[in-house]
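Shown next, in structure tokens, is the structure this report addresses.
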Amino acid sequence: MNWLPLLHRSNDVKFIIFGGGQVAQRKVQTLTKFTHAITVVSPNLDARLQDLVDQQSIHHINALAQEQHVLQGHRIVAATDNSDTNQEIARWAKALSCPVSIADDPAGSDFIFPAIIDRNPVMITVSSASESPALTRYLRNQLDAALSPRISQLAKFTSSLRKTIRTHFDDTQKRQQLWRKLMSSPMPNLVLAGKEDQAEKVCNEVIAGKSIGEVFLVGAGPGDPDLLTLKAVRLIQQADIVFYDRLVSKPILEYCSSHAEMFYVGKAMSDHSVPQNEINQLLADHAKLGKTVLRLKGGDPFIFGRGGEEIELLADQQIPFQVVPGITAASGCSSYAGIPLTHRDYAQSVRFVTGHLKDGTTNLPWNELIHPQQTLVIYMGLTGISYISKALIQHGMSPDTPIALVEKGTLPEQKVYTSTLANIGGVIASNSISAPTLTIVGDVVRLHKKLKW
Ligand code: SAH
């Protein structure tokens, strides 16, 4: 490799930057985070550089002329907009044995600038050895998004923990073993979630040899993996063991670690592979074994997801857990179908109901559903949708009310069928529509024609 990544103590390093334009400004902006020993040499200055000079954050010289010896002891950045000038500056620097960085000439440079993610004291630097600045920026942004904004707090927490562990354990090997256990315990996530008290409790348990795991109840959204939250991805990647539903799409499962044990626990309406109380128990049992347990559910865990039941047992047994919301099917399907759930001209309220039929019937509060300017979203309704539309008409909803079925919403196979309450039965009979399907009833459905994308 041609470039050696080292961290230099910044207050020992002095810089002279040639150039007063945007390129120089960007380098100076980065460097001001690390040192005040910055001098800019240029007859003109970018407004932001001028601000820094006015605030006395950096020094400014118009030109060097004959006094090249002042470069001695500095790192030089040649960032003028003229490449011949930059090369000349580089020759001065080299003659005085000063390391130099030349804008747009990595081959002639002694050092180059990486992209930086700054979460003091944590710092991540990214470089493509100047081969592809666009790729470097892309990677930097990806890493930045994947990194919890509270990583600094975790750094501070582990730093003070390190002092405690040093005073209690002499043996280096024991200390390393303990750190492995601590970092795979719920401690890091608890600190990242702002629960330092609980994190301390976990640390004490791990140190005393009585560790317990943690459960993440995570909403996987309606199917498109791009709709996962950053937190969901972070937690999914950490799980030792995963219990997932039918509605969790394959590309989402691929975010799980290749070491994670994967268990399908069903949840198609007619296919309760694992009964609910067994799922609740499994989560608790595995956490007690010290594992990081992921319960991955379609959509949002707290919307027709029985997420509440799954964490009740954990709460009873004081097992640490976190709940991560997901984009619920109503939001995902309506956005991807171009059917806004509320709209000033059509609907001022929206109501989510489940159309799950028990014994071929459902006890929905029909009179409340027939509300003008209200959108109705029916989850789990496909098998009963003909029954439900008839019942809505019987209770007074106009047979012409628009209705949409969104099949496999947000996925590449998504299909949207629109009709009216009176005719939807025929649409279902003449198309082979398969679950999952979400039903939207109300005037907002008229917007689909114009807003589909
Ligand atoms: N907790 C989930 C809902 C679980 S109930 C959530 O918040 O979305 C399961 C029902 O959700 C399905 O029967 C269907 O009506 C709806 N659903 C979930 N994902 C869907 C998708 N991708 N397309 C259409 N409907 C979906």
Side-chain angles (χ1 to χ4, degrees), residues 216-229 231-232 236 243-253 264-274 276 279-280 294-311 323-339 341 350-358 362 364 369 375-389 403-419 424 427-428 431-442 445 448 452:
F216 306 142
L217 174 62
V218 174
D224 179 349
D226 270 356
L227 294 179
L228 284 170
T229 62
K231 190 164 188 181
I236 288 172
F243 297 97
Y244 64 96
D245 283 354
R246 185 185 59 100
L247 283 177
V248 178
S249 68
K250 266 222 176 78
I252 288 176
L253 293 177
Y264 169 69
V265 288
K267 274 280 156 120
M269 240 197 294
S270 49
D271 152 40
H272 278 277
S273 322
V274 182
Q276 187 65 53
I279 297 177
N280 307 349
L294 174 67
R295 175 69 175 111
L296 198 52
K297 299 175 78 78
D300 181 280
F302 281 0
I303 294 184
F304 304 126
R306 303 183 77 167
E309 295 168 47
E310 301 191 355
I311 53 174
V323 184
V324 181
I327 290 184
T328 190
S331 295
C333 294
S334 68
S335 296
Y336 278 48
I339 303 175
L341 293 180
V350 53
R351 185 147 180 164
F352 296 175
V353 297
T354 161
H356 187 23
L357 301 186
K358 265 190 188 155
T362 170
L364 286 168
L369 304 187
T375 305
L376 202 57
V377 178
I378 307 166
Y379 284 71
M380 294 183 273
L382 184 61
T383 47
I385 211 69
S386 304
Y387 169 85
I388 290 172
S389 25
I403 178 168
L405 294 187
V406 185
E407 179 188 16
K408 300 195 173 61
T410 78
L411 291 166
E413 310 90 285
Q414 169 177 301
K415 272 195 186 148
V416 182
Y417 302 87
T418 55
S419 181
I424 191 68
V427 172
I428 294 173
N431 290 281
S432 52
I433 304 175
S434 56
T437 319
L438 189 88
T439 306
I440 304 174
V441 182
V445 170
H448 166 70
K452 67 178 177 221

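Order of appearance sets the numbers: ligands from 1, and atoms from 1 within every ligand.
Contacts with ligand 1 closer than 4.0 Å are made by no heavy atom of L382, backbone or side chain. For Q414, no heavy-atom contact with ligand 1 is shorter than 4.0 Å.
The closest heavy-atom contact to atom 16 (C) of ligand 1, among the options G332, A329, G326, comes from A329. When the heavy atoms of T437, L438, L411 are ranked by distance to atom 15 (O) of ligand 1, first place goes to T437.
Listed by number with element, the atoms of ligand 1 under 4.0 angstrom from any heavy atom of G299 are 2 (C), 6 (C), 7 (O), 8 (O). Near L247, with a cut-off below 4.0 Å to any heavy atom, the atoms of ligand 1 are 9 (C), 18 (C). Atoms of ligand 1 lying under 4.0 Å from at least one heavy atom of T328, given by number and element, are 6 (C), 7 (O), 8 (O). Heavy-atom contacts of P222 reach the following atoms of ligand 1: 21 (C), 22 (N) (cutoff under 4.0 Å). Ligand 1 places these atoms under 4.0 Å from at least one heavy atom of I303: 1 (N), 2 (C), 3 (C), 6 (C), 7 (O).
Looking at ligand 1, you'll find an N or O of D300 within less than 3.5 Å of one of its N or O atoms. For ligand 1, one of its N or O atoms has an N or O atom of G409 under 3.5 Å away. The distance criterion of under 3.5 Å between nitrogen or oxygen atoms is not met by G305 with respect to ligand 1.
Here the side chain of T328 pairs no donor or acceptor atom with the backbone of S331 at under 3.5 angstrom. Formation of a donor-acceptor pair under 3.5 Å by the Y244 side chain with backbone atoms of G266 is not found in this model. Of the possible donor and acceptor atoms, one in the side chain of S389 sits under 3.5 Å from a partner among the backbone N and O of S386. The closest donor-acceptor contact from the side chain of D300 to the backbone of F302 lies under 3.5 Å.
D224 and Y336 are linked by a side-chain donor-acceptor pair at a separation below 3.5 angstrom, with hydrogens and angles left out of the test. Side-chain atoms of S434 and K408 include a donor-acceptor pair closer than 3.5 Å.
Using a non-hydrogen distance threshold of 4.0 Å, V406 registers as a contact of ligand 1. The closest approach between any non-hydrogen atom of A435 and ligand 1 is not below 4.0 Å. By the 4.0 Å heavy-atom criterion, C333 is counted among the residues contacting ligand 1. Judged by the shortest distance from any of its heavy atoms, K297 lies outside the 4.0 Å radius around the atoms of ligand 1.
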Chi angles and distances behind the side-chain contact (heavy atoms from CB on, under 4.5 Å) call for V416, K452: CA-CA 10 Å; V416 182; K452 67 178 177 221; over 6 Å; no
Steps toward side-chain contact (heavy atoms from CB on, under 4.5 Å) verdict (L376, I440): CA-CA 6 Å; L376 202 57; I440 304 174; over 6 Å; no
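The two atoms that bring V406 and C333 nearest to each other are CG1-CB, 3.8 Å, heavy atoms only.
Applying the ring-ring contact (aromatic ring centres under 6.0 Å, His included) test to F216 and every residue at least two apart in sequence or in another chain returns nothing.
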